[in-house]
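Each chain gets a letter, A, B and so on, in the order its sequence line appears, and its residues count up from 1. These figures come from a predicted structure and were not determined experimentally.
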Amino acid sequence: MEIPKTYDPKITEDKWYAHWLKHKFFKSTPDEREPYTIVIPPPNVTGVLHMGHMLNNTIQDVLIRRARMQGKNACWVPGTDHASIATEAKVVALLAEKGIKKTDLSREDFLKYAWEWKEKYGGIILKQLEKLGASCDWDRTRFTMEKDLSDAVIDVFIDLHNKGQIYRGVRMVNWDPQGLTAVSDEEVIHKEVNSKLYYVRYKIENSDEWITIATTRPETILGDTAICVHPEDERYKHLKGKRVIIPMVNRSVPIIFDTYIDLEFGTGALKVTPAHDINDYNLGVKHNLEVIDTIAADGKMSAAAQFYIGEDRFVVRKKIAKELEEMGQIVKIEDIKNKVGYSERTNAVIEPRLSMQWFLKMDTISKPALENVLNGEIKLIPEKFVNTYKHWMENVHDWCISRQLWWGQQIPAWYDDKGNTVVAKTHEEALVKYKILNPESKTLNLKQDEDVLDTWFSSWLWPISVFDGFKNPDGKDINYYYPTNDLVTAPEILFFWVARMIIAGYEYRGAKPFTNVYLTGIVRDKQGRKMSKSLGNSPDPIELIEKFGADGVRVGMLLCSPAGNDLPFDESMCEQGRNFSNKIWNAFRLIKGWEVDSNISQNETNKIAIQWFETKFDEQLEIINDLYSKYRMSEALMATYKLVWDDFCAWYLEMIKPEFVDGKSLPIDKTTYDETLVIFEKILKVLHPFTPFITEEIWHLIIERNDKDCIIVAEWPKTKIEDTLILNHFEVVMEVVSNIRNIRKQKNISPKEKLKLFEKVNQGEIIKKYDTIIMKLCNLSSFEYVDKKVDGAFSFVLKHAEYYIPLSQNIDVAAESERLTKDLDYNKGFLRSVQAKLANEKFVSNAKPEMVENEKKKLADAESKIKAIEEQLAGLK
RNA sequence: GGGAGCUUAGCUCAGCUGGUUCAGAGCAUCUGCCUUACAAGCAGAGGGUCACUGGUUCGAACCCAGUAGUUCCCA
């Protein structure tokens, strides 16, 4: 059977994924083994796979596959998030295309459409993860809005309300006028924009005097209820007790004095609009000011504004500015840069707005979450995020958890027509509670709160709820899998999600939800822009997989992704990954192609090669294991890459490769062949977490195996290093080989031409053990030891010996002498620096003794090498 | 405005508690090879005043201070 020259992922990937599923290798149920658990950061149901998911899930899959091979009970729980605002926006848009307005539908009808939509498109992203090779336990797939998880959310709301941690109140919230909902502080993105600062003068009542204020938002003038100045400000001290007239609306409002005012900004006088600015609101509360809400929920002027009713606030801004100018009340207009908040979901400019919302108190509940990150009980990787985390947790605000949407868990609060409130799971329970609280009331019908809970109010329970920890708090699953081990996610949602999961973990399980949080970087394009659908700069991951294979893409993503650092993505990374797959494939082709002869005995070369590689493998695997334990995924991959490409392919296979005689490969002895298979299997195992598909394919091609004997469940190799001396010896062997190759290259000698080599040992004992290896790798016809230097030969000098290669062609004395002189100069310079160091008394007396010893040894080595080179130079003449 | 981090080869990054003439890797680049596993390959080469300035030290990419640039977080 002819094995194709290049590896074709297309014919293997779907085959093996189906095979793994069929034999339930991803499945996990509690048993006596140690669990290793990861819960997936549930992607939005609306989502399609983007590069961020690719990176994220590749890392999770590498971790889970390695743990599985290490004999742990590996469990990776998948699922999706209902993403209330994002999904609702999609459904609204889809209905709009059909000419249906949300406002024309009942809540029930709208939700019916939404569920239909979810059933149709909600699974796409999980299907895409399969292409990547994600070994999730799909039987455990959860959805944040499914029955059990929704129940958990409602129960938690009721519980926290009973504990007095949840309250309802009128507060200034971040209002998204497009999504028509409140959003949390974390969902507001502040961007610097070019704005105009309008200087507007207001007339002092019963006076000819004017006072000038500066504002970026003249449209809010209609809602002004005071002017504020600093009590120490000499410019305004005389205005105590005076009032001013608000232009256009001609309202008389007081001048108030407060140290909040920044004397330097603008004119030092501030217009106060309690309804439309958080700081003004606070001033209003303090000074008992009237609140006039002039901007409606949709961002248009309300009736209270009296002017421009129904027109958008930004249009009105220009109109008012013009009108004020005509009235002669604009003093000047400056161009400035300021920060404006935008909604993360709809990109609308956020409007500070007073509204009735539900809040979760964060001060006490967040305490354990801060402590246990600071004391290392939960580790953030990389560590630098601990600072950011600490800062946030120490300044945390109450969490606005209500959203004016329909898609999500409806808030279990019930009202009578007077606004009395009870919190309960069902209408019946609510009525019972209500009767107790209001015994004289005859009300039989309570109205449930229209709003739903913030999406994060369900995903913060994820690590508990996926194991039914609320439904069944002492269940087998939750007791076995919780706390989970690793969480892999993006730093952007450290507060949205990670911090809150930790809070919920301590509140509801009295224990952390996970031990390690691996924060991946953000995938960017070459210009450093974040990859996003709106920019259109993100490659389609599925197309990438088709082009380079899932293994290639996995390797490509991981090659350049140190934890927490951004990942400037470039397709060429995946190309490198694909090339690596091909390299592995060809190693397999080579081994598989050998003819085995059980009658010939193993030669010394092969025996030593095996000895060396086994030691090398163990040494490298220990390094790789260590890198994994530090979550240095890129480096673990690079170490694996070099072990396979350099040590195994370039050195080991070249050493044992049977020679070609008369156009035919000689057979290989059985011992070497069998041992090579064992080695190759170990190589495949170490590769498997990174490149699951090709390793499974080769695993089954290299020898006959049954369906259940798969590499996905093979045992991770163990190491036992007995003697590393052979590794040191090989350093010298490789140096010799590289020097000889260099001479070939320089002298333009064909690799086919056989050469003679002479060695003159100057220092230490003569080790002949490796001679046959050098002969094979360098294509030598002979290798002899001599006492004197060989005349008329090319040469090179190592620390312990001189090497000579006689050549048929004439030696270019001048060139040779130049090369040797250069070498000599370098060594002399080196010697001088060492001598200088040793001559420095302060060095000798202050440095560590072993340091000084080391310098002395360097001195001796350098001296002997200089002597050897000088002799050679003399010999040339 | 407050805080944190980063700045090492063309690119992406290593360099642990300071000690092999001021440094490593992968990719990219250049040169030569279609040498029967692999041109998605092989063999070789070039490339860095470790952001800048000063300090501590026998010795600094590493420690300290300042400057510049850059990223992120919070307001």
Side-chain angles (χ1 to χ4, degrees), chain A residues 3-7 185-186 190 262 264-265 278-279 339 341 382-392 394-397 491-492 494-495 522 526 528 548 552 556 559-562 564-570 572-573 575-594 627 630 632 634-635 637-639 641-642 645-646 649-650 653-654 657 660 663-665 737-738 741-746 748 750-753 779 826-848 850-852 854-855 857-858 861-862:
Chain A
I3 307 167
K5 224 166 144 176
T6 45
Y7 169 64
D185 291 345
E186 290 72 34
H190 295 272
D262 178 359
E264 306 296 319
F265 187 80
I278 180 67
N279 298 310
K339 294 260 179 104
E383 229 174 316
K384 66 177 180 187
F385 285 106
V386 174
N387 272 332
T388 328
Y389 182 86
K390 177 168 177 266
H391 192 252
W392 189 78
E394 283 173 347
N395 298 288
V396 65
H397 300 290
E492 306 156 287
L494 185 59
F495 307 126
I522 296 166
K526 271 186 177 169
F548 300 108
L559 271 173
C560 56
S561 56
N565 268 20
D566 285 0
L567 187 157
F569 183 79
D570 184 12
S572 68
M573 298 289 178
E575 201 178 322
Q576 194 185 348
R578 179 203 59 183
N579 293 355
F580 186 44
S581 295
N582 201 233
K583 187 72 187 178
I584 301 165
W585 182 251
N586 276 289
F588 156 69
R589 267 204 335 138
L590 175 68
I591 296 169
K592 190 70 183 170
W594 286 333
L627 290 168
K630 293 176 178 139
R632 304 178 77 147
S634 275
E635 288 171 65
L637 170 58
M638 188 42 70
Y641 180 96
K642 284 197 271 189
W645 200 304
D646 299 341
C649 293
L653 289 179
E654 289 301 327
K657 191 161 129 184
F660 251 82
K664 251 192 77 183
S665 171
V737 170
S738 134
R741 282 177 179 166
N742 214 338
I743 287 178
R744 266 193 203 275
K745 173 87 180 169
Q746 278 171 9
N748 236 333
S750 153
K752 284 177 184 164
E753 189 180 326
N779 195 20
Y826 174 87
N827 279 288
K828 278 185 171 167
F830 180 72
L831 181 70
R832 268 197 301 278
S833 87
V834 178
Q835 281 168 336
K837 225 176 206 181
L838 284 169
N840 185 339
E841 264 180 53
K842 283 181 181 165
F843 171 74
V844 179
S845 53
N846 289 333
K848 284 181 239 149
E850 59 266 34
M851 202 55 228
V852 180
N854 195 17
E855 290 299 312
K857 191 167 173 299
K858 271 153 66 181
D861 285 349

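A:Arg632 meets the side-chain hydrogen bond (donor to acceptor under 3.5 Å, both in side chains) test with A:Glu635; sequence neighbours excluded. Partners of A:Glu383 under the salt bridge (Lys or Arg N to Asp or Glu O under 4.0 Å) rule, at least two apart in sequence or in another chain, do not exist in this structure. Legend: residues meeting ring-ring contact (aromatic ring centres under 6.0 Å, His included) with A:Tyr7, ordered by chain and number and at least two apart, are A:Trp585. Every residue was checked against the side-chain hydrogen bond (donor to acceptor under 3.5 Å, both in side chains) condition with A:Arg578, not counting sequence neighbours, and none meets it. Among residues two or more places apart in sequence or in another chain, the salt bridge (Lys or Arg N to Asp or Glu O under 4.0 Å) test is passed with A:Lys745 by none. Residues passing the side-chain hydrogen bond (donor to acceptor under 3.5 Å, both in side chains) test with A:Asn827 are A:Asp823, sequence neighbours excluded. In this structure A:Ser738 satisfies the side-chain hydrogen bond (donor to acceptor under 3.5 Å, both in side chains) test with no other residue, sequence neighbours excluded. Scored by the salt bridge (Lys or Arg N to Asp or Glu O under 4.0 Å) test, A:Lys858 finds A:Glu855 as partners (sequence neighbours excluded). Scanning for salt bridge (Lys or Arg N to Asp or Glu O under 4.0 Å) contacts around A:Lys390 gives A:Glu394, with sequence neighbours left out.
The separation between A:Lys630 atom NZ and B:rC13 atom P is 20 Å, rounded to whole Å. The CG atom of A:Asp570 sits 13 Å away from the P atom of B:rC11 (whole-angstrom rounding). The separation between A:Glu855 atom CD and B:rU20 atom C1' is 7 Å, rounded to whole Å. Nucleotide B:rG3 holds its P atom 13 Å from the CG atom of A:Asn395, rounded to whole Å. Atom OH of A:Tyr389 and atom C1' of B:rC72 are 18 Å apart (whole Å). Atom pair A:Glu383:CD and B:rC6:C1' shows a separation of 16 Å (rounding to whole Å applied). Rounded to whole Å, atom C1' of B:rC38 lies 12 Å from atom CH2 of A:Trp585. When the P atom of B:rG5 is taken as reference, atom NE2 of A:His391 falls 13 Å away, rounded to whole Å.
Between A:His397 and the phosphate of B:rA75, there is a side-chain N or O to OP1/OP2 separation shorter than 4.0 Å. Using a 4.0 Å cut-off, no side-chain N or O of A:Asn279 falls inside it from OP1 or OP2 of B:rA75. For the pair A:Lys390 and B:rC73, the criterion of a side-chain N or O lying under 4.0 Å from OP1 or OP2 is not met. Taking side-chain N and O atoms only, A:Arg578 has no distance below 4.0 Å to OP1 or OP2 of B:rG41.
With P as the reference atom, B:rU7 and B:rU12 are 12 Å apart, rounded to whole Å. Here, B:rA40 and B:rU35 have their P atoms 14 Å apart, quoted to the whole Å. B:rG55 and B:rA45 have their C1' atoms separated by 41 Å, with the value rounded to a whole Å. The same atom, C1', is picked in B:rU20 and in B:rG46; the two are 24 Å apart, to the nearest Å. Comparing B:rU8 with B:rA61, their P atoms are spaced 15 Å from each other, to the whole Å. Nucleotides B:rC63 and B:rA14 have their P atoms positioned 15 Å apart, rounded to a whole Å. B:rA28 sits 34 Å from B:rA4 when the C1' atoms are compared, rounded to a whole Å. Comparing the C1' positions of B:rG47 and B:rA9 gives a spacing of 6 Å, expressed to the nearest Å.
Secondary-structure annotation of RNA chain B gives the stems B:1-7 with B:68-74, B:10-13 with B:24-27, B:29-33 with B:41-45, B:51-55 with B:63-67, with a stem taken as at least 3 successive Watson-Crick or G-U pairs whose two distances both fall under 3.5 Å.
For a distance-only test at 3.5 Å, the side chain of A:Glu654 qualifies as a donor-acceptor partner of the base of B:rA37. Contact annotation: side chain of A:Lys583 to base of B:rC38, donor-acceptor pair present below 3.5 Å.
Contact annotation: the side chain of A:Val396 never approaches that of A:Phe495 to less than 4.5 Å [non-hydrogen atoms, C-beta and beyond].
A tilted orientation is assigned to the rings of A:Tyr641 and A:Phe580, their planes being inclined by 30° to 60°.
Along RNA chain B, the nucleotide nearest to A:Lys828 and the one nearest to A:Arg589 differ in position, and the one closer to the 5' end is contacted by A:Lys828. Annotation: of the two residues near RNA chain B, A:Val737 and A:Ser833, the 5′-most nearest-nucleotide partner is A:Ser833.
Within the model, atoms CZ of A:Arg589 and CG of A:Asn586 stand 5.0 Å from one another, a figure rounded to the nearest 0.5 Å. Rounded to the nearest 0.5 Å, atoms CG (A:Leu831) and CG (A:Asp861) are 11.0 Å apart.
Residue-level contact check: A:Gln746 touches neither bases nor backbone, having no heavy atom under 4.0 Å from any strand. Within the nucleic acid shown, A:Asn387 comes within 4.0 Å of sugar-phosphate atoms alone, with no base atom in reach, counting heavy atoms only.
Between A:Leu637 and A:Leu559, the shortest heavy-atom contact is CD2-N, 3.8 Å.
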Could you run through nucleotides 55-65 of chain B and give me one letter per nucleotide, 5' to 3': B if any protein heavy atom sits under 4.0 Å from the base, S if only the sugar-phosphate is that close, - if neither? ---B-------
Give the B/S/- string for nucleotides 25-36 of chain B, one per nucleotide from 5' to 3', where a protein heavy atom under 4.0 Å of the base yields B, of only the sugar-phosphate yields S, and otherwise -. SSS---BB--BB
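When distances are taken from the side chain of A:Arg632 to each of B:rG15, B:rA37, B:rA45, the shortest belongs to B:rG15.
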